[in-house]
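Before any comments, here is the structure.
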Amino acid sequence: AIFLPETAASVRAQELPAGWDLEWIVQEDGERPSLAHLFDGDTRTSYAANGLQLGISVTRNLALARLTGDLVQVLDHDDVLLPGAIATLIQKFEQHDIYWAVGAADDLLSSGTRVSWNSALPFGIVRAGAANRWANEQGGNWPVHCAGLMMRTELVRALGGWAAAPIDDDMVLFAELSEFGDGWNEETVTWLYR
C-alpha cells in the first residue's frame with residue numbers, strides 16, 4: 001500500500017487520445033480495507049473493497065465486472081505508468097486489428113534505479129499462437145509481463161477473466177488471449193515494474 005499513491009498519481013497524469021475517457025477501477029483485496037480515502041473526490045476512479053481475502057484473480061474479476069470501457073489496462077498497486085503509456089497502447093488498437101498490447105517495462109529497483117528488460121518477442125504485431133509456441137519451446141516461460149497488459153474487455157470476459165491458478169494466474173488468461181488473436185509488443189517503455 002505504500003506504493004499506491006505513486007501508482008495513483010501515474011494514472012491520474014495519463015492523457016488519452018481524442019474520443020477516449022479514463023475509468024480507473026480500483027478493487028481492494030483483504031478483510032480490513034483501508035485505502036478508500038486515497039480516491040475521495042476522484043470522479044474518474046471507481047473504488048470498491050472485497051471485505052475478504054479473495055486473492056488476485058477473484059479481485060481482478062470483481063473489478064472486471066464493474067468495468068464499462070472497451071479496453072482494460074492491467075496495473076498492479078505497486079507499478080507506475082509512464083506519461084503517455086495508455087495513449088501509446090490505445091493507438092495500436094486503433095491502427096491494427098489486435099486483441100492485446102503490452103509496452104516494454106523497466107524494473108524499478110528499491111534504490112530508484114531502473115533496469116531495462118529485453119523482449120523475447122519481436123516488437124510489433126505478434127501473430128496468434130506465436131507467444132504460446134515460444135513458451136512451449138522455453139519450457140512454459142511466457143515472454144510477456146502481464147502486469148502491463150492492455151486487452152479488449154469483451155474478449156477478456158468471453159474467456160472468463162482471470163483463472164484461479166496457484167501461480168502466474170495472469171498467464172492463463174494471456175495464453176488464451178494470445179492464442180485467440182493477434183497482439184502488439186510495443187518497444188516503448190510505458191511502465192515501471194517493482
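As a basis for the values below, the full set of heavy atoms in this structure was taken, side chains included, without hydrogen atoms, waters or symmetry mates.
To the nearest 0.5 angstrom, Thr7 atom OG1 is 8.0 Å from Leu81 atom CG. From Asp29, atom CG reaches atom NE2 of His77 across 11.0 Å, with rounding to the nearest 0.5 Å. Between atom CE of residue Met151 and atom CG of residue Leu64 there is a gap of 8.0 Å, rounded to the nearest 0.5 Å. Distance CZ/Arg44 to CD/Gln14: 9.0 Å, rounded to 0.5 Å.
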message: Assess the residue pair Arg114 and Leu192 against the criterion (side-chain contact (heavy atoms from CB on, under 4.5 Å)); give the C-alpha distance rounded to whole Å, side-chain angles, the decisive distance to 0.1 Å, and a yes or no.
response: CA-CA 8 Å; Arg114 290 167 45 174; Leu192 304 178; 3.4 Å; yes
task: Go through the steps to decide whether Leu54 and Leu62 satisfy the test side-chain contact (heavy atoms from CB on, under 4.5 Å), and finish with yes or no.
output: CA-CA 10 Å; Leu54 300 176; Leu62 288 170; 3.9 Å; yes
- prompt: Where do Gln27 and Asn61 land on the side-chain contact (heavy atoms from CB on, under 4.5 Å) test, with the steps shown first?
  reply: CA-CA 9 Å; Gln27 190 76 34; Asn61 287 330; over 6 Å; no
- request: Would you please test Val74 and Trp162 for side-chain contact (heavy atoms from CB on, under 4.5 Å) and show each step?
  value: CA-CA 11 Å; Val74 180; Trp162 284 267; 3.8 Å; yes
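Note on Ile90: it does not cluster hydrophobically with Ile25, by side-chain heavy-atom contacts below 4.5 Å among ILVMFWY residues. Clustering ILVMFWY residues whenever any of their side-chain heavy atoms sit less than 4.5 angstrom apart, transitively, puts Leu89 in a cluster other than the one holding Leu149. Cluster membership check: Leu121 shares its hydrophobic cluster with Trp142, using side-chain heavy-atom separations under 4.5 Å among Ile, Leu, Val, Met, Phe, Trp and Tyr. By the rule that hydrophobic residues join a cluster once side-chain heavy atoms approach within less than 4.5 Å of another member, Met171 and Met150 end up as members of separate clusters. Clustering ILVMFWY residues whenever any of their side-chain heavy atoms sit less than 4.5 angstrom apart, transitively, puts Ile125 in a cluster other than the one holding Phe123.
Using a 30° and 60° split on the angle between ring planes, Phe39 and Trp24 fall in the perpendicular class, above 60°. Under the 30°/60° scheme for interplanar angles, the aromatic rings of Tyr99 and Phe180 are found to stand perpendicular.
Surrounding CD1 of Ile56 are at most 12 heavy atoms belonging to other residues, nucleotides or ligands under 6.0 Å away. Applying the 6.0 Å contact sphere to CD of Glu94 captures more than 12 heavy atoms from other residues, nucleotides or ligands. The number of heavy atoms from other shown groups lying within 6.0 Å of CD (Glu15) does not exceed 12.
The list of salt bridge (charged side-chain N to carboxylate O under 4.0 Å, His left out) pairs with a residue in residues 68-90, not counting sequence neighbours, reads Arg60-Asp76.
For Thr68, the side chain to side chain donor-acceptor pair (under 3.5 Å) partners are Glu23, not counting sequence neighbours.
Annotation: Tyr193 is in aromatic contact with His145 [ring centroid separation under 6.0 Å].
Leu173 has its side chain within reach of Leu159: a pair of non-hydrogen atoms, C-beta onward, lies under 4.5 Å apart. The shortest distance between side-chain heavy atoms of Val144 and Asn185 does not fall below 4.5 Å.
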